[in-house]
Amino acid sequence: MLDLRFVRENIEEVKEQIKQRGVALDLDAFVRLDFERRDLLQEAEGLKFQRNTVSEKIARLKKDKKDASSEIAAMREVAQKIKELDGKLNERENALNRILMYLPNMPHPSVPIGSNEEDNTEIKRWGEIPRFHFNPMAHWDIGEKLGILDFERASKITGARFTLLKGWGAKLERALINFMLDLHTHEHNYKEVLPPFIVNRQSMIATGQLPKFEEDLFKLEGLDYYLIPTAEVPVTNIHQNEILKSTELPIYYTAYTPCFRSEAGSYGKDTRGLIRQHQFNKVELVKFVVPETSYDELEGLLVDAEEVLRRLGLPYRVVSLCTGDIGFSAAKTYDIEVWLPGQNRFVEISSCSNFEDFQARRGNIRYKPEGKSKTRFVHTLNGSGLAIGRTLIAILENYQQEDGTVTVPEVLKSYLRGIEKIEGWI
RNA sequence: GGAGAGAUGGCCGAGUUGGUUUAAGGCGCUCGCCUGCUAAGCGAGUGUGGGGAUAAAACUUCACCGAGGGUUCGAAUCCCUCUCUCUCCGCCA
């Protein structure tokens with residue numbers, strides 16, 4: 001959420017920015033409501049002051065056993081008027097709040113201007129794109145031949161866009177989770193947490209999934225609970241409604257969770273394989289930092305995520321998302337895209353964002369700067385470190401051999417009982 | 001699922017026959033004094049958010065005692081709904 005005062009004082013800039021993002025919102029209504037709100041507020045507060053003053057007088061009169069009936073009668077009318085004004089005020093505040101809730105974050109000046117993913121700018125590339133002297137297979141063929149991926153049985157159990165991992169496939173998934181958590185906790189200084197996978201509405205509002213993106217979520221029948229679409233939601237909300245000490249900052253968390261997405265509106269996209277699933281595993285990185293350092297922290301977060309791919313020997317590139325492609329809550333986002341030989345393209349495997357104080361304001365996450373009495377909102381950041389399913393795909397496709405087996409990357413061997421390659425499901 | 005108790009400022013904790021408590025006191029924190037240093041001691045200050053005013057402040061006002069409604073001239077205090085925590089019982093991995 002943007003600051004009400006910021007929007008008021010920078011209305012033209014806000015209009016311009018939401019136009020660049022392609023958002024249609026009536027900000028003239030915002031200006032009108034804002035004025036009306038302040039007028040009503042002043043009128044109501046004047047009457048409340050009067051009521052407070054006279055109430056004290058009534059108390060004194062009663063104590064002295066004197067008559068206060070004329071004061072009480074007068075205040076009865078004032079109370080009625082206050083009620084009316086408060087009602088009107090409430091309407092204006094709700095309307096303003098609704099607009100604020102649907103206003104996306106302001107992009108950082110370094111974010112490239114553009115309307116869709118084609119306008120994203122490539123920042124860097126790492127690794128050699130592997131050449132094969134045979135025709136590389138897609139992961140669904142590799143996985144099914146080895147017997148480690150079973151899409152048919154998963155659809156029997158649940159439906160489309162779910163996968164059953166078996167044998168070394170299941171073990172590889174588990175190995176990746178452990179490898180990533182170990183790397184981030186032991187070498188990158190993140191603290192590991194294992195949060196709830198179901199959250200309430202308020203948590204979804206704080207991180208920005210609600211109220212605008214309800215259709216992307218799985219909601220529990222009859223409850224105001226949702227399955228998490230990313231660990232960002234429960235982990236960022238760890239400090240909801242807290243005032244952190246500045247000596248505690250920065251705070252780094254890493255968490256493994258499954259992620260649940262309804263993938264509404266993506267029918268027909270990536271229907272084969274496990275690129276786009278309703279349920280997938282992810283190791284997430286989340287930071288709480290002071291505003292002054294948040295953009296340096298974003299660069300650090302990106303490097304921490306990249307390191308996973310480097311150790312696995314998987315080629316990738318990094319792109320900076322343009323104004324039209326950046327997420328609702330983010331001020332700046334880098335995507336890491338891994339090379340998939342079977343698809344002959346780069347596919348997103350991590351998304352690293354700085355939300356500045358957008359989420360912190362919604363979740364009321366603050367800190368007290370050293371030696372100052374005023375509290376400030378922290379800046380929050382997060383990034384995938386990495387999406388597990390897509391990493392597994394990348395390993396299958398990049399490490400595949402002509403005979404259909406898959407070589408195990410060096411760093412994973414100790415997590416897979418020392419095996420050199422996957423030759424079958426058991 | 002059943003029964004009971006509770007939720008007050010960064011933390012602890014008084015206040016519930018409605019009206020100088022428009023939240024006592026303590027801890028913590030900040031500043032000052034004192035003092036070889038540290039500690040202790042003494043003194044002062046110290047919540048959050050929204051308005052108004054100002055060049056900025058000083059200043060001024062409203063709201064906030066888990067959340068939301070209600071009663072009343074007036075609610076931390078009375079009533080209703082909800083959430084969470086604790087204790088006991090039942091069930092369960």
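In the text below, chain A, chain B and the rest are named by the order of the sequence lines, each starting its count at 1. For clarity, every value in this text was computed on a predicted model and none was experimentally measured.
- With a cut-off of 3.5 Å on both Watson-Crick or G-U wobble distances, the partner of B:rC34 is given as none.
- Distance noted for atom P between B:rA40 and B:rU30: 13 Å (whole Å).
- Taking the charged nitrogens against the carboxylate oxygens, A:R98 and A:E93 have no contact shorter than 4.0 Å, which rules out a salt bridge.
- Within the shown strands, nothing qualifies as a pairing partner of B:rC92 under the Watson-Crick or G-U definition with both distances less than 3.5 Å.
- Rounded to whole Å, the separation between the C1' atoms of B:rC34 and B:rU48 comes to 36 Å.
- Taking the C1' atom of each, B:rU16 and B:rG6 are spaced 14 Å apart, rounded to whole Å.
- Comparing the C1' positions of B:rU22 and B:rC27 gives an interatomic distance of 25 Å, to the nearest angstrom.
- Proximity of A:F162 to A:S155: side-chain heavy atoms (C-beta onward) are nowhere separated by under 4.5 Å.
- A close approach under 4.0 Å does occur between a side-chain nitrogen or oxygen of A:T375 and OP1 or OP2 of B:rG49.
- As rounded to whole Å, 13 Å separates atom P of B:rG49 from atom CG of A:D357.
- The separation between A:Q42 atom CD and B:rA53 atom C1' is 10 Å, rounded to whole Å.
- Base pairing annotation: B:rU83 forms a Watson-Crick or G-U wobble pair with B:rA7, both donor-acceptor distances under 3.5 Å.
- Note: CZ (A:R38) to C1' (B:rG49) measures 16 Å, nearest angstrom.
- In the set B:rU48, B:rC73, B:rG51, B:rG51 carries the atom at the smallest distance from any side-chain atom of A:L41.
- Within 4.0 Å of A:F377, counting heavy atoms only, lies no atom of the nucleic acid at all.
- The same atom, P, is picked in B:rC12 and in B:rC73; the two are 38 Å apart, to the nearest Å.
- A:R8 comes within 4.0 angstrom of sugar-phosphate atoms only, judged by non-hydrogen atoms across all strands, and of no base.
- Taking atom P in both B:rC65 and B:rA5, one finds a spacing of 23 Å when rounded to whole Å.
- For B:rC59, the paired base is B:rG52 (Watson-Crick or G-U wobble, both distances below 3.5 Å).
- In this structure, the CG atom of A:L4 is 14 Å from the P atom of B:rG49, given to the nearest Å.
- Here B:rG9 presents its P atom at 14 Å from NZ of A:K368, a figure rounded to the nearest Å.
- A cation-pi arrangement is present between A:R38 and A:F35, with the terminal nitrogen or guanidinium carbon under 6.0 Å from the aromatic centre and inside a 45° cone about the axis.
- Taking a 6.0 Å sphere around NZ of A:K19, one finds it holds 12 or fewer heavy atoms contributed by other residues, nucleotides or ligands.
- Under the Watson-Crick and G-U wobble criteria, each requiring two contacts below 3.5 Å, nucleotide B:rC29 is paired to B:rG45.
- Annotation: side chain of A:S320 is in contact with side chain of A:T121 (closest heavy-atom distance under 4.5 Å).
- One interatomic measurement links the two molecules: CG of A:D86 to P of B:rG51, which rounds to 16 Å at whole-angstrom precision.
- B:rC84 and B:rU71 have their C1' atoms separated by 26 Å, given to the nearest Å.
- In this structure, A:R5 reaches the sugar-phosphate backbone alone: every heavy-atom distance under 4.0 Å involves primed, P, OP1 or OP2 atoms, never a base.
- Here the separation of B:rG25 from B:rC82, taken at their P atoms, is 38 Å to the nearest Å.
- In this structure, A:K212 is not positioned above the aromatic face of A:Y102 in the sense of NZ or CZ being under 6.0 Å from the six-membered ring centre and within 45° of the axis.
- Taking for each of A:R37 and A:M75 the nucleotide of RNA chain B with the nearest heavy atom, the 5'-most of the two is the partner of A:R37.
- We find that CG of A:N97 is positioned 17 Å from P of B:rG49, with the value rounded to whole Å.
- B:rU21 is unpaired under the Watson-Crick or G-U wobble criterion, no partner having all donor-acceptor distances under 3.5 Å.
- Distance A:E93 CD to B:rG50 P: 12 Å, rounded to the nearest Å.
- Residue contacts for A:E71: at a heavy-atom cut-off of 4.0 Å it reaches no nucleic acid atom on any strand shown.
- Aromatic pair A:F328/A:F358: ring centres closer than 6.0 Å.
- Shown here, B:rA76 forms no base pair; nothing in the strands shown gives a Watson-Crick or G-U wobble contact with both key distances under 3.5 Å.
- The six-membered or imidazole ring of A:F260 lies away from that of A:H278, with a centre-to-centre distance of 6.0 Å or more.
- Under 4.0 Å is where a charged nitrogen must lie from a carboxylate oxygen, and between A:E263 and A:R276 at least one such pair does.
- In this structure, B:rA14 forms no base pair with any nucleotide, since neither Watson-Crick nor G-U wobble geometry is met with both distances under 3.5 Å.
- Taking for each of A:A44 and A:K62 the nucleotide of RNA chain B with the nearest heavy atom, the 5'-most of the two is the partner of A:K62.
- Between A:K83 and the phosphate of B:rU71, there is a side-chain N or O to OP1/OP2 separation shorter than 4.0 Å.
- Within residues 46-60 of chain A, the residues that place at least one heavy atom under 4.0 Å from RNA chain B are, in residue-number order, A:K48, A:F49, A:R51, A:N52, A:S55, A:I58, A:A59.
- In this structure, A:D150 does not pair ionically with A:K156, as no charged nitrogen and carboxylate oxygen lie closer than 4.0 Å.
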